[in-house]
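So the structure is just underneath, and the comments pick up after that.
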Amino acid sequence: MGKITVETCEIEGLKVITPAVFGDERGYFMETYNYNDYKEAGIDMEFVQDNQSSSKKGVLRGLHFQINYPQDKLVRVVSGEVYDVAVDLREGSPTYGQWHGVLLSAENKKQFFIPKNFAHGFVVLSESAEFAYKCTDFYHPNDEGGLAWNDPEIGVDWPMPEGMTEKDLIISEKDQHWGGICEYRK
């Protein structure tokens, strides 16, 4: 029990994981994380912190990363639906500055593995969403980095929540002031 299906992405290191779900008239059961299954899939690391956030429709969080204490992340949606994005910031990577997006929902139960040195963000498409993720390093508040969610050089094609436009998105003050990837590039 507990096997997973792992899809690789066009950007090396990113993986979309679909867990086995066992359901009947009572509901369902699934393992959201099993070290042995993930190790077998090439995701062999120690997660040290779990986080969960709740956001309403139209909230866009990101694109975030830690500068000196980068984190691998395993993200999923507990309720609702989000469009989740990772941007490659690995120095020397042939896909540096490229992004990949995945629809994560309570319904599809997919998870997204994002390695160290990627920026990460998501937009909530449903009325609300609960977002959970595991990290391989602790959060360091003085080590935050970020990129503008709408940086034209990156060109993320964010889907808009139904009935909303970009001007309706709910973005934190901090996230409105990040610069573009050209300012981050070394």
Ile171, Val82, Ile170 screened by side-chain contact (heavy atoms from CB on, under 4.5 Å) with Leu60, the one that passes: Ile171
Pair Glu12 + Arg90, salt bridge at N-O below 4.0 Å: no
Closest heavy-atom pair and its distance - Ile181, Asp151: N-OD2, 2.6 Å
Leu147 side chain reached by Phe65 side chain, heavy atoms, under 4.5 Å: yes
For Ala86 against Ile114, the heavy-atom pair lying closest together: CB-CG2, 3.9 Å
Test item: His120 and Asp84 side chains (from C-beta on) under 4.5 Å apart, heavy atoms: yes
same_hphob_cluster(Phe112, Phe47) at 4.5 Å side-chain heavy-atom cutoff: no
Gln49 CD: over 12 foreign heavy atoms closer than 6.0 Å: yes
Neighbour count above 12 (heavy atom, 6.0 Å) for Glu162 CD: no
Going by atom type alone, with no hydrogens or angles, which donor-acceptor pairs under 3.5 Å involve a side-chain atom of residues 38-46 and a protein atom two or more places apart or on another chain?
from	atom 1	to	atom 2	distance (Å)
Tyr38	OH	Gln111	OE1	2.8
Asp44	OD1	Tyr35	OH	2.4

Lys109 side, atom NZ; Thr32 side, atom OG1 - distance, nearest 0.5 Å: 12.0 Å
Check: Val16 and Cys9 side chains under 4.5 Å, non-hydrogen atoms: yes
Other ILVMFWY residues reachable from Val48 by side-chain steps of under 4.5 Å: Phe138
Same apolar cluster: Ile67 and Tyr69, side chain cutoff 4.5 Å: no
Spacing of Ile154 atom CD1 and Leu63 atom CG [to the nearest 0.5 Å]: 6.0 Å
Any donor-acceptor N/O pair, Asn117 side chain to Leu89 backbone, under 3.5 Å: no
Between Glu10 and His100: side-chain donor-acceptor atoms closer than 3.5 Å: yes
Candidate pair Trp99 and Ile11, rule side chain to side chain contact (heavy atoms under 4.5 Å, CB included), full reasoning: CA-CA 8 Å; Trp99 64 276; Ile11 299 176; 5.5 Å; no
Spacing of OH belonging to Tyr33 relative to CG belonging to Asp50, to within rounding of 0.5 Å: 10.0 Å
Minimum-distance pair of heavy atoms, taken over all atoms of Gly145 and Trp178: C-CH2, 3.7 Å
Spacing of CG belonging to Asp143 relative to CG belonging to Asn68, to within rounding of 0.5 Å: 4.5 Å
Separation of Leu14 CG from Thr95 OG1 (nearest 0.5 Å): 8.0 Å
Residues Tyr139, Gln71; criterion side chain to side chain donor-acceptor pair (under 3.5 Å); working and verdict: CA-CA 9 Å; Tyr139 172 68; Gln71 303 169 314; over 6 Å; no
Residues Glu81, Glu107; criterion side chain to side chain contact (heavy atoms under 4.5 Å, CB included); working and verdict: CA-CA 8 Å; Glu81 179 178 76; Glu107 187 176 318; over 6 Å; no
Single-linkage hydrophobic cluster, 4.5 Å side-chain cutoff, Val87 and Leu103 together: yes
Name of the residue among Lys116, Lys15, Lys134 meeting salt bridge (Lys or Arg N to Asp or Glu O under 4.0 Å) with Asp72: Lys116
Exercise: identify the closest heavy-atom pair between Tyr83 and Pro159: CD2-CD, 3.2 Å
Between CH2 on residue Trp158 and CH2 on residue Trp149, distance to nearest 0.5 Å: 8.5 Å
Test log, rule side chain to side chain contact (heavy atoms under 4.5 Å, CB included), inputs Val124 and Lys56: CA-CA 7 Å; Val124 177; Lys56 61 185 183 177; over 6 Å; no
Test item: Asp175 side-chain N/O and Gly62 main-chain N/O as donor-acceptor pair under 3.5 Å: yes
Within one Ile-Leu-Val-Met-Phe-Trp-Tyr cluster: Phe118 and Tyr96, side-chain cutoff 4.5 Å: no
Path from Leu125 to Leu104 over hydrophobic side-chain contacts below 4.5 Å: no
Side-chain heavy-atom pair Leu74, Ile17 within 4.5 angstrom cut-off: yes
Within the 6.0 Å centroid threshold, strictly below: Tyr133 and His64: no
Where Ser79 and Ala106 come nearest, the two heavy atoms and their spacing: CA-CB, 3.7 Å
CA sep, side-chain torsions, deciding dist, call: Lys110, Glu7, salt bridge (Lys or Arg N to Asp or Glu O under 4.0 Å): CA-CA 10 Å; Lys110 291 184 179 197; Glu7 303 166 53; 3.8 Å; yes
Heavy-atom check, side chain of Val59 versus side chain of Ser128, under 4.5 Å: no
Over all atoms of both residues, closest heavy-atom pair of Pro19 and Met30: CG-SD, 3.7 Å
